[in-house]
Amino acid sequence: MKKEILVGSDFSGVGAFNQALKRLGIEYKELFACDMDKYARQTFIHNYGEPLYYPTDVYEREIPKESLTIYVSSPPCQAFSLAGKRLGKDDKRGILFFNSHEFIQVNKPRYFIFENVKGLLSDDGGNTFNEWVNMLGGKSVNGVPVLFPYADSVPYHLYWKVLNAKHHGVPQNRERVFLIGIRDDKDNTFQFPKEEHLTKRLKDVLEEEVDEKYFLSDERIGTITKSERGIGWTDVELKNTANCVLTAYSKIPTDGEYLKIKSATSKGYEEATEGDSINFSVPNSETRRGRVGKGVAQTLDTQCKQAIRVKYPKLQKGTGNVLFHRKGYATNTQVYDVNKECGTIDTAQGGGRQPHTLIEKNIRRLTPRECFRLMDFPDTFNWICSDSQAYKQAGNSIVVNVLAKIINKLNF
């Protein structure tokens, strides 16, 4: 067993960092954690106990004199998210990075880990991310020595990469950029964990029994399906429908069902078969294309405007064969094939915006437990808050296995 390490974190959320350390069997002393969300704090304390020092405001948080072994920071991503307003540094949340930078300057931790959305890379034409890299990597960046470091840069060897949870054992298409800093000591090399083939699927994280409250009403289902001009479910066993399919597609899909998704292609639509994902963002756009992801979930925004094509089971005899053939269109929800990975879990907080999956002719929200499973939290993890807060906490967290793999690459 490795010796006890000293750790601390800002924007600690519900303790993905703690979960990763526990999973690796690492003994640690938590000098501090910091988060302003009162419900996340309740969940944190419920699962790990209260830290020695647990401030709410990073600007009032004292910096420990003793250097940490690992410092973790995950500044709020909304300022840089592709789904947000992209205000970057103009958003007060976007400048919280500099508080974390100050912490590193003063405390001089052996390692630091930053996590943020992929949209950070393109914010302000890439200038925001370049500034982060220049400020954090005063010695080298991804193995390349820095010859003329910024005056305020910290003397660390910086390694950064975009990692997707579905490449690291978790069935969620969640891309996040990780920045790993190593102090300029003797051992300052690092390699990101290798990608692995995903064997786990969404169906593997579903609960066996789910409360009826998680199932959508017919009215809600009607808002996320559309039968006119391209979007809709159709069973080709109906004679007249089959004729239409033969005319439009020249062949019947092997699963007996198809979806046409309105898109700015030469045909005016994209074909979605079983296992494909569908992006419903800006549904009335006349220029949007690339809505269908073949066999994978596309990256989701915070509104979850994405579905995944599933093979609908047949309705009972006497009810007809057209399945969910309703008017309306998706505005803020997503549906997933249980045999595929799901899209990114966000901070939807209920209201019908959580990820959905089809079970026995119904579309239902993923439960909070399923969302935490998709963030790779164990079932021993619990919360003492409403479902809406639990969804928010899951969406704001870091995928545990990705973080554990990174920590396991550090030498302490």
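Computed from a predicted model, the values in this text were never measured in an experiment.
- Taking both residues in full, the closest heavy atoms of L31 and L52 are given as O-CB, 4.0 Å, listed atom of the first, atom of the second, then distance.
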| task | Please test T128 against E131 for side chain to side chain contact (heavy atoms under 4.5 Å, CB included), starting from the C-alpha separation and ending with a verdict. | result | CA-CA 5 Å; T128 299; E131 185 171 14; 5.7 Å; no

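- S153 meets the side-chain hydrogen bond (donor to acceptor under 3.5 Å, both in side chains) test with no other residue; sequence neighbours excluded.
- Contact between F17 and S9 at its shortest, heavy atoms only, is CD2-CB, 4.2 Å.
- Classified by interplanar angle (parallel below 30°, tilted 30° to 60°, perpendicular above 60°), the ring pair W383/F381 is tilted.
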| request: Carefully, step by step, assess D204 and R373 under the rule salt bridge (charged side-chain N to carboxylate O under 4.0 Å, His left out). | output: CA-CA 10 Å; D204 298 322; R373 286 175 178 175; over 6 Å; no

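- A centroid separation of 6.0 Å or more is found between the aromatic rings of F129 and F97.
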| query | Passes side chain to side chain contact (heavy atoms under 4.5 Å, CB included), I113 versus I70? Steps please. | reply | CA-CA 8 Å; I113 301 174; I70 308 177; 4.2 Å; yes

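- Taking 4.5 Å as the limit, every side-chain heavy atom of N18 sits out of range of all side-chain heavy atoms of N47.
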| request: Would you please test F114 and I104 for side chain to side chain contact (heavy atoms under 4.5 Å, CB included) and show each step? | output: CA-CA 12 Å; F114 278 72; I104 296 168; 3.6 Å; yes

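- Of the options L136, V72, L68, I182, a side-chain contact (heavy atoms from CB on, under 4.5 Å) to F112 is made by L136 and by none of the others.
- The ring-ring contact (aromatic ring centres under 6.0 Å, His included) search around F178 returns none, not counting sequence neighbours.
- Counting only residues at least two apart or on different chains, the salt bridge (Lys or Arg N to Asp or Glu O under 4.0 Å) pairs with a member in residues 30-53 are D37-K392.
- For N188, the side-chain hydrogen bond (donor to acceptor under 3.5 Å, both in side chains) criterion is met by H157, not counting sequence neighbours.
- Between the side chain of S397 and the backbone N or O of A394 there is no donor-acceptor pair closer than 3.5 Å.
- No donor-acceptor pair under 3.5 Å is formed between the side chain of T56 and the backbone N or O of M36.
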| query | Where do E175 and K118 land on the salt bridge (charged side-chain N to carboxylate O under 4.0 Å, His left out) test, with the steps shown first? | reply | CA-CA 6 Å; E175 290 183 301; K118 185 180 178 182; 3.4 Å; yes

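- Between V141 and W160 there is a side-chain heavy-atom pair separated by less than 4.5 Å.
- Between the side chain of E370 and the main chain of E207, a donor-acceptor pair closer than 3.5 Å is present.
- Each salt bridge (Lys or Arg N to Asp or Glu O under 4.0 Å) pair with one or both residues in residues 178-198, not counting sequence neighbours, appears once here: R110-D185, K139-D184, R183-D185, E196-K405.
- Residues that satisfy the side-chain hydrogen bond (donor to acceptor under 3.5 Å, both in side chains) test with T189, not counting sequence neighbours, are absent from this structure.
- Around OH of Y53, the count of heavy atoms belonging to other residues, nucleotides or ligands within 6.0 Å exceeds 12.
- For the pair L374 and V399, the tightest heavy-atom approach, listed with the atom from each and the gap, is O-CG2, 4.4 Å.
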| message | side chain to side chain contact (heavy atoms under 4.5 Å, CB included), that's the test. Do F412 and I26 meet it? Break it down for me. | response | CA-CA 10 Å; F412 45 78; I26 295 174; 3.7 Å; yes

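- A donor-acceptor distance shorter than 3.5 angstrom exists from the side chain of N116 to the backbone of P75, with no hydrogens or angles considered.
- Aromatic rings from Y71 and Y111 are positioned such that their centres are separated by 6.0 Å or more.
- Side chains of V154 and M135 form no contact here, defined as non-hydrogen atoms less than 4.5 Å apart.
- Using a 4.5 Å heavy-atom cutoff, the side chains of I406 and I180 are in contact.
- Relative ring orientation between F44 and Y54 is described as tilted, the plane-to-plane angle lying within the 30° to 60° band.
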